[in-house]
Amino acid sequence: MLDLKFIRENVDLVKQSVKNKNEKADIDALINLDEKKRKAQFEFDNLRAEQNRVSKEIALLKKEKKDASELLSEMQSLATKIKEISVDLSDLSASLDTYVLTVPNIPHSSVKIGKNEEENTIIREWGEKREFSFTPKEHTEIAEGLNLLDITRGAKITGSGFPVYTKHGALLERALINFMLDFHIQKHGYCEVMVPHIVNRQTMTGTGQLPKLENDMYHINEDDFFLIPTAEVPVTNLYANEILPLDKIPQKLVAYTPCFRREAGSYGKDTKGLQRLHQFNKVEMVRFVHPDDSWTILEEMCQDAEEILQALKLPYHVLSLCTGDMSFASAKTYDLMVWVPGAQKYLEVSSVSNFTDFQARRANIRLRDADGKVNFVHTLNGSGLATPRTFIAILENYQNEDGSITIPDALLPYMHGMTRI
RNA sequence: GGAGAGGUGGCCGAGCCGGCUGAAGGCGCACGCCUGCUAAGCGUGUGUAGGCUAAUCCCCUACCGAGGGUUCGAAUCCCUCCCUCUCCGCCA
């Protein structure tokens, strides 16, 4: 969330960014509420000060065995008044909180203002698209020929969007996960964490998924728990409500988790095969950094993600998202789009974002700076990468005319000696 | 799931038959002094948030797991919930 004081002092900027992000936060109502709340707070503080002062007098009188009944009866009405105001005050702060949580992060000045994904900018391209001597097939056809997936039985045991990976498909999926984890740990110096796949409401609010995306989450009623839509949620919240010493910053974490998304409202869009799933695997990088460094680190993290595609020799381009296509909490986002020759298009396999202090303020993650002052950290995260579409890209880019696929060199150590499937 | 104990400041740890306790004492840390050599001693300081303010000084308010209640007044009493530990049960 944004700092209330910042919102108060930059009303126009905040309103503009709400608009640019296609959000609906009512800033005027928020400001109005904020004024009321502060007024109530002021009144409350003063009355409490009075109450505290007189209470001390009463204590003294009692100590000296003097009569305090006059003061006591006076204080009764004050106590009643304080109670009334404190009810108002907590109502006001509760609704103010809900308002503040609906205000999106301010996009960085380098982000293009635009309505939707059509206005994103390609900022670089990598790799050569392979020339095929035959017509490349789509991944669904390749997977079927090689028995890598069992979409039908996945749908039977759970529902559509819950794929089953079979035999070499399962091995390839696991190889991808392990390859990515090892790569980030060994080449980029990340520290692996294994985290719960189910989190509570506070955690889901900390990273900004709630309240906006509640309908997109799988929810467990009895405990008010949520299945994580990304490892970003549990990993970023690891340090919620903590003040980190400077020597713990920067922090580079990487985690593999499955991700669960209801994808409400996106039915029928890109649903073929593994393109859009309710459960999928992802390796996620999360970083906690000093506010001065986050823009440099964003570039670095994007490279970290790109290097996975480079190691797999998969052609891709990098998009800088426009304001309208960025997520609620992000200040700037790069998407990595991998080329898939069968379907003849680019698929998003990674999203790398700088959240500045937006998530840190929500989750209350702070650092003690060199001067001893306490500040919010900056958080960033990036997929490195989501496996299903990487899986698709491997099938389609590495396919042979006979329907087999060649294993990319980078994955060979993880494939039990196989060079082809 | 059953029984018991407990959750206090960076850490340890008092307070818990309500009233100068935002919180003793110790450790740690910072600065200073002294001394001089990889130490000890002495002094001072050392939470977060909001308000006030030119101000990181004062001053006011809130916070002793979370949320309610009783009271003029609660870390201290009552209720609900959460978590940790020990024992038992169950189980990978």
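Letters go in sequence order (proteins before strands), and every chain restarts at 1.
- Distances shown here put a side-chain N or O of A:Q51 below 4.0 Å from the OP1 or OP2 atom of B:G73.
- Across all strands shown, B:G28 pairs with B:U46; the Watson-Crick or G-U wobble distances both stay below 3.5 Å.
- If you check B:G6 for Watson-Crick or wobble pairing at under 3.5 angstrom, you find it paired to B:C83.
- Separating the CZ atom of A:R53 from the P atom of B:C59 is a distance of 16 Å, rounded to the nearest angstrom.
- Remark: the separation of the P atoms in B:G19 and B:C77 is 11 Å, to the nearest Å.
- Nucleotides B:G67 and B:A74, compared at atom C1', are 15 Å apart to the nearest Å.
- For A:D45, the listed nucleotide lying nearest its side chain is B:U61; candidates were B:U70, B:C72, B:U61.
- Looking at the side chain of A:A49, the nearest of the listed nucleotides B:U70, B:C72, B:U61 is B:U61.
- Shown here, B:C34 forms no base pair; nothing in the strands shown gives a Watson-Crick or G-U wobble contact with both key distances under 3.5 Å.
- Remark: A:R420 engages A:D402 in a salt bridge (charged side-chain N to carboxylate O under 4.0 Å, His left out) (not counting sequence neighbours).
- B:A39 is unpaired under the Watson-Crick or G-U wobble criterion, no partner having all donor-acceptor distances under 3.5 Å.
- Taking the six-membered ring for Trp and thresholds of 30 and 60 degrees, A:F288 and A:Y239 have ring planes more than 60 degrees apart, a perpendicular arrangement.
- Only the P atoms considered, B:A55 is 29 Å distant from B:C64, to the nearest whole Å.
- Using a 3.5 Å distance cut-off with no hydrogens or angles, the side chains of A:S320 and A:K112 do not pair a donor with an acceptor.
- Between the CG atom of A:L89 and the C1' atom of B:A62 there is a distance of 10 Å, given to the nearest Å.
- Looking at the side chain of A:K5, the nearest of the listed nucleotides B:G51, B:U61, B:G19 is B:G51.
- The side chain of A:R48 lies closest to B:A74, out of B:G50, B:C72, B:A74.
- Between the P atoms of B:C85 and B:G26, the separation comes to 31 Å (whole Å).
- Set against B:G51, B:C72, B:U70, the side chain of A:L72 has B:C72 as its closest nucleotide.
- Distance A:D34 CG to B:G50 P: 12 Å, rounded to the nearest Å.
- Between B:C59 and B:G18, the two C1' atoms lie 27 Å apart (nearest whole Å).
- Taking only side-chain nitrogens and oxygens, A:N52 never comes nearer than 4.0 Å to OP1 or OP2 of B:C60.
- Comparing the same atom, P, in B:G65 and in B:G10 gives a spacing of 13 Å after rounding to whole Å.
- Rounded to a whole Å, the NZ atom of A:K373 is 16 Å from the C1' atom of B:A49.
- Residues A:L71 and A:K56 both approach RNA chain B. Their nearest nucleotides, taken by heavy-atom distance, put A:K56 toward the 5′ side.
- Taking the C1' atom of each, B:U46 and B:G22 are spaced 14 Å apart, rounded to whole Å.
- Searching all strands for a Watson-Crick or G-U wobble partner of B:U56 with both distances below 3.5 Å returns nothing.
- Nearest-nucleotide positions on RNA chain B place A:R8 closer to the 5' end than the other of A:E50 and A:R8.
- Taking atom CG on A:L246 and atom P on B:A30, their separation rounds to 14 Å, with Å as the unit.
- Side-chain atoms of A:N354 and A:S294 form a donor-acceptor pair, as typed in the model, at a separation below 3.5 Å.
- Side-chain polar atoms of A:H290 and A:D369 form a donor-acceptor pair below 3.5 angstrom.
- Among the protein residues, A:E57 comes within range of no part of the nucleic acid, since none of its heavy atoms lies under 4.0 Å from any strand.
- Across B:U70, B:G51, B:U61, the shortest atom-to-atom separation from the side chain of A:R38 is found for B:G51.
- A donor-acceptor contact closer than 3.5 angstrom links the side chains of A:T207 and A:Q209.
- Using cut-offs of 30° and 60° for the angle between ring planes, the A:Y218 and A:F260 rings count as perpendicular.
- Between the C1' atom of B:G50 and the NZ atom of A:K37 lies a distance of 7 Å, rounded to the nearest Å.
- In the set B:G19, B:U48, B:G51, B:U48 carries the atom at the smallest distance from any side-chain atom of A:V374.
- Between the P atom of B:U48 and the CD atom of A:E242 lies a distance of 16 Å, rounded to the nearest Å.
- Side-chain atoms of A:T387 never come within 3.5 Å of backbone atoms of A:K282 as a donor-acceptor pair (strictly under, hydrogens ignored).
- In this structure, the nucleotide among B:U48, B:U61, B:G19 sitting nearest to the side chain of A:I243 is B:U48.
- The CG atom of A:D247 sits 13 Å away from the P atom of B:C29 (whole-angstrom rounding).
- Between B:G28 and B:A23, the two P atoms lie 22 Å apart (nearest whole Å).
- For the OP1/OP2 pair of B:U71 and a distance below 4.0 Å, the side-chain nitrogens and oxygens of A:K62 include no atom meeting the criterion.
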